[in-house]
Peer 1: 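Handing you this structure, nothing more for now.
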Amino acid sequence: MTNSLIEFKNISKEYIVGEVPILALNEVNFIIEEGEFVVILGASGAGKSTILNILGGMDIPTSGKVIVEGKVITEFNEKKLTDFRAKDIGFVFQFYNLIPNLTALENVEFAVEVSKNHLNPKETLKKVGLFDRMNNFPSQLSGGEQQRVAIARAIAKNPLLLLCDEPTGALDYKTGKAVLQLLEDINKETKKCVVLITHNSAIAPMADKVIKVKSGVIEDITINKNKKLIKDIEW
Ligand code: ADP
């Protein structure tokens with residue numbers, strides 16, 4: 001037994017498209033420790049989203065085990081997996097995925113309904129710098145502001161894990177950097193584990209651990225002994 005927060009053990013994922021099987025992940029192994037900021041790095045099609053979706057209980061592997069806090073989530077039934085997604089996972093998407101007809105505050109309030117020990121939605125919006133915009137609808141907010149609402153929505157649930165799928169992919173350089181700064185601050189302050197996928201290798205130095213994926217296999221896992229602050233990284 002180890003005390004790692006997450007273990008991916010021999011995870012393979014095969015998609016069948018027509019008659020052709022696509023091996024999206026091939027015997028992937030890694031561990032993530034409590035409090036780590038992890039970057040999963042790889043080119044488009046490498047298998048990053050597949051890893052994140054399996055980690056978040058949104059997809060199931062063809063073979064292998066995922067263990068989170070000692071629980072084998074790949075053996076969960078539908079009900080337990082739904083609970084896991086609702087309570088333990090905060091997900092941040094590339095295109096924010098806010099509910100357009102709810103205000104920023106309502107988006108956060110709606111998300112925390114499923115969670116018992118959630119944080120105060122208004123306080124959380126304040127933390128991401130949007131206290132004075134909480135009654136705006138997503139269409140009234142810039143891309144960077146919408147992503148801040150999405151981050152507030154994810155962290156307000158007080159989840160075990162924050163999973164971020166190319167969270168700066170739709171943002172300009174400066175706004176993207178501010179969003180990464182926010183994620184760095186959250187990781188530091190709350191000690192919550194953040195897993196972020198990206199194709200941008202320039203971001204890698206901000207991570208405690210970098211997991212490189214190529215064509216469905218782990219190419220390399222690096223621990224950054226001297227990780228850099230996002231403010232000191234340029235690309
Ligand atoms: P990345 O996130 O690194 O761009 P993905 O995890 O999305 O990569 O995809 C890995 C591989 O699996 C790709 O070849 C992709 O086309 C394939 N794939 C992903 N999702 C599906 C799916 N639902 N059906 C079929 N193939 C898929």
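All values derive from a computational prediction rather than experimental measurement. Whatever order the structure lists them in is the order used to number ligands and atoms, beginning at 1.
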Peer 1: Identify, by atom number and element, the atoms of ligand 1 in contact range of V17, meaning under 4.0 Å from any of its heavy atoms.
Peer 2: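 The list of qualifying atoms is 25 (C).
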
Peer 1: Relative to F84, does K80 satisfy both conditions: NZ or CZ under 6.0 angstrom from the six-membered ring centre, and within 45 degrees of the ring's axis?
Peer 2: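 Geometry flag: not set, cation outside 6.0 Å or 45°.
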
Peer 1: Between T50 and ligand 1, which residue portion shows a heavy-atom distance shorter than 4.0 Å: side chain, backbone, both, or neither?
Peer 2: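 It is both parts that get close, each with some atom under 4.0 Å.
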
Peer 1: Give yes or no for whether the N/O distance cutoff of 3.5 Å, strictly under, is met between I197 and ligand 1.
Peer 2: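 No, since none of the N or O atoms of I197 sits under 3.5 Å from an N or O of ligand 1.
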
Peer 1: When rounded to the nearest 0.5 angstrom, what distance separates CG in L55 from CD1 in I89?
Peer 2: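 CD1 of I89 is found 6.0 Å from CG of L55.
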
Peer 1: If you have a sec, work out which protein heavy atom is nearest atom 23 (N) of ligand 1 and how many Å separate them, to one decimal?
Peer 2: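 So the nearest neighbour among protein heavy atoms is Y15 CE2, 3.6 Å.
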
Peer 1: So between A43, S44, S49, whose heavy atom ends up nearest atom 2 (O) of ligand 1?
Peer 2: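 It is S49 whose heavy atom sits nearest to atom 2 (O) of ligand 1.
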
Peer 1: Among all the protein's heavy atoms, is there at least one whose distance to atom 10 (C) of ligand 1 comes out below 4.0 Å?
Peer 2: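 It does: a protein heavy atom is found less than 4.0 Å away from atom 10 (C) of ligand 1.
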
Peer 1: Going by atom types only, do N107 and Y96 share a side-chain donor-acceptor pair under 3.5 Å?
Peer 2: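 On atom types as modelled, these side chains do not qualify, holding no pair under 3.5 Å.
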
Peer 1: Parallel, tilted or perpendicular: which one describes the rings of W235 and Y173, with boundaries at 30° and 60°?
Peer 2: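 Geometry flag for Y173 against W235: perpendicular rings.
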
Peer 1: Looking at K122, I'd like to know if its NZ atom is crowded, meaning that more than 12 non-hydrogen atoms belonging to other residues, nucleotides or ligands lie closer than 6.0 Å.
Peer 2: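 12 or below, so no.
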
Peer 1: With a sphere of 6.0 Å drawn around CD of E34, does it hold more than 12 non-hydrogen atoms of other residues, nucleotides or ligands?
Peer 2: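 At most 12 heavy atoms, drawn from other residues, nucleotides or ligands, come within 6.0 Å of this atom.
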
Peer 1: Does G42 come within less than 4.0 angstrom of ligand 1, counting non-hydrogen atoms of the residue?
Peer 2: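 It does not; every heavy atom stays at 4.0 Å or beyond.
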
Peer 1: For atom 12 (O) of ligand 1, what is the nearest protein heavy atom, given as residue, atom name and distance?
Peer 2: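 Sorting protein heavy atoms by distance from atom 12 (O) of ligand 1 puts A24 CB, 3.3 Å first.
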
Peer 1: Is the closest side-chain heavy-atom distance between E69 and L161 below 4.5 Å?
Peer 2: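 No, side chains not in contact.
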
Peer 1: Please state which option from A46, P21, G45 has its nearest heavy atom closest to atom 13 (C) of ligand 1.
Peer 2: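 The nearest heavy atom belongs to G45.
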
Peer 1: Distance to 0.1 Å, residue and atom name: give those for the protein heavy atom nearest to atom 8 (O) of ligand 1.
Peer 2: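 Nearest neighbour among protein heavy atoms for atom 8 (O) of ligand 1, to 0.1 Å: G47 N, 3.1 Å.
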
